[in-house]
K.L.:
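Before I ask anything, let me first share the structure, which is written out below as structure tokens.
For the numbers below, each heavy atom of this structure counts, side chains included, while hydrogens, waters and symmetry mates do not.
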Amino acid sequence: MGIINIVKNVKEIHNKYIIIVKIGSFYYCYGRNSYIISYLLKYKINILSNNIYSCSFPQSALNKVLATLERNKINYLILDRRNNYDIEEKSDNRNLNKYDSIYEEAKKELSTKMRIEKIYSYLIENSNNKELINEIEKVINERRKI
């Protein structure tokens, strides 16, 4: 069974938890969980095959990540791939869990950033189109406050 399927199975039981999977000396989050980790800690999100989002961080950053999750009252589980995905650590804030509200904030911010990245990529691909660049500069300059 692939790692994504295992995370999906765990999420069925612990749907309001961030599932963190330890693989070697790195930790990985997938799907919605990667949005939250990226939003709170400014880690980069990667897009895997089948449009699955992923976020990772080194073992040296684990304490910082867990402290951030605990400060924001977000439940988490750490699974260890080496030990057949056994739960290595768990935090449960019970009814104080802010998983959903933080996810909504993260989704808004990250969707805006992704839109900006698409625009940036388009501009780079069309950087030789001086008319386009001039029009964009004109719009930007018109919107600047005096």
K.L.:
Taking Leu132's backbone N and O only, do any of them form a donor-acceptor pair with Asn129's side chain (distance below 3.5 Å, no angle check)?
P.N.:
yes

K.L.:
Determine whether Ile3 and Ile37 fall in the same hydrophobic cluster, where Ile, Leu, Val, Met, Phe, Trp and Tyr are linked whenever their side-chain heavy atoms lie under 4.5 Å apart.
P.N.:
no

K.L.:
Can you name the nearest heavy-atom pair linking His14 to Ile19, along with the distance?
P.N.:
O-CD1, 4.4 Å

K.L.:
Are any of the side-chain heavy atoms of Lys64 and Leu41 separated by less than 4.5 Å?
P.N.:
yes

K.L.:
Around atom CD of Glu142, are there more than 12 heavy atoms from other residues, nucleotides or ligands closer than 6.0 Å?
P.N.:
yes

K.L.:
Is there side-chain contact between Ile140 and Glu137, with at least one heavy-atom pair below 4.5 Å?
P.N.:
no

K.L.:
Under a 4.0 Å threshold between the charged nitrogen and the carboxylate oxygen, would Arg81 count as salt-bridged to Glu88?
P.N.:
no

K.L.:
Please round to the nearest 0.5 Å and tell me the distance separating atom CD of Glu89 and atom CD1 of Ile87.
P.N.:
11.0 Å

K.L.:
I need the minimum non-hydrogen distance between Leu110 and Ser38, along with the two atoms involved.
P.N.:
CD2-OG, 3.8 Å

K.L.:
Would you kindly confirm whether Val65 and Ile45 end up in one hydrophobic cluster when ILVMFWY residues are joined by side chain heavy atoms under 4.5 Å apart?
P.N.:
yes

K.L.:
I need the minimum non-hydrogen distance between Asp100 and Lys16, along with the two atoms involved.
P.N.:
OD2-NZ, 3.0 Å

K.L.:
Is it true that Tyr103 and Met114 fall in one hydrophobic cluster, defined by side-chain heavy atoms closer than 4.5 Å?
P.N.:
yes

K.L.:
For the side chain of Ser121 and the backbone of Glu117, is there at least one donor-acceptor N/O pair under 3.5 Å apart?
P.N.:
yes

K.L.:
Report yes if the side chains of Ile116 and Lys113 come closer than 4.5 Å at any heavy-atom pair, otherwise no.
P.N.:
no

K.L.:
Of the non-hydrogen atoms in Lys44 and Asn46, which two are nearest, and what is the gap between them?
P.N.:
NZ-OD1, 3.6 Å

K.L.:
Pairing donors with acceptors under 3.5 angstrom, does anything connect the side chains of Tyr17 and Asp92?
P.N.:
yes

K.L.:
Determine whether Leu79 and Asp86 make a side-chain contact, defined as any pair of heavy atoms from C-beta on separated by less than 4.5 Å.
P.N.:
no

K.L.:
Will you find, in the side chains of Asn83 and Asp80, an N or O donor that is under 3.5 Å from an N or O acceptor?
P.N.:
yes

K.L.:
State, with a plain yes or no, whether a side-chain heavy atom of Tyr76 is found less than 4.5 Å away from one of Ile78.
P.N.:
yes

K.L.:
List the steps and the verdict of side-chain contact (heavy atoms from CB on, under 4.5 Å) for Ile52 and Ile47.
P.N.:
CA-CA 6 Å; Ile52 295 172; Ile47 301 174; over 6 Å; no

K.L.:
If you compare all heavy atoms of Tyr39 against all heavy atoms of Ala106, which two are closest, and at what distance to 0.1 Å?
P.N.:
CB-CB, 3.3 Å

K.L.:
I need the Arg115 CZ to Ile119 CD1 distance, nearest 0.5 Å.
P.N.:
6.5 Å

K.L.:
Hey, could you give me the CD1/OG1 distance between Ile36 and Thr68, rounded to the nearest 0.5 Å?
P.N.:
13.0 Å

K.L.:
For Lys138, does the NZ atom sit with more than 12 other heavy atoms under 6.0 Å from it, leaving out its own atoms?
P.N.:
no

K.L.:
Just to verify, what does Asn84 make a side-chain hydrogen bond (donor to acceptor under 3.5 Å, both in side chains) with, not counting sequence neighbours?
P.N.:
none

K.L.:
For residues 24-36, pull every pair meeting side chain to side chain donor-acceptor pair (under 3.5 Å), keeping only residues two or more places apart or in separate chains.
P.N.:
Lys11-Asn33, Asn33-Tyr99

K.L.:
Under the criterion side-chain contact (heavy atoms from CB on, under 4.5 Å), which of Val10, Ile4, Ile6 is the partner of Lys8?
P.N.:
Ile4

K.L.:
Any idea which heavy atoms bring Asn93 and Lys73 closest together, and the distance?
P.N.:
ND2-C, 3.3 Å

K.L.:
side-chain contact (heavy atoms from CB on, under 4.5 Å) for Ile18 and Leu77? Distances and angles first, verdict last.
P.N.:
CA-CA 6 Å; Ile18 290 190; Leu77 288 174; over 6 Å; no

K.L.:
Hydrophobic clusters here meaning ILVMFWY residues chained together by side-chain heavy-atom distances under 4.5 Å, can you tell me if Leu48 and Ile23 are in one?
P.N.:
yes

K.L.:
Report whether Val21 and Leu62 are members of the same hydrophobic cluster (ILVMFWY, side-chain heavy atoms less than 4.5 Å apart, transitive linking).
P.N.:
no

K.L.:
Would you check if the side chain of Asn97 reaches a backbone N or O of Asn75 as a donor-acceptor pair within less than 3.5 Å?
P.N.:
yes

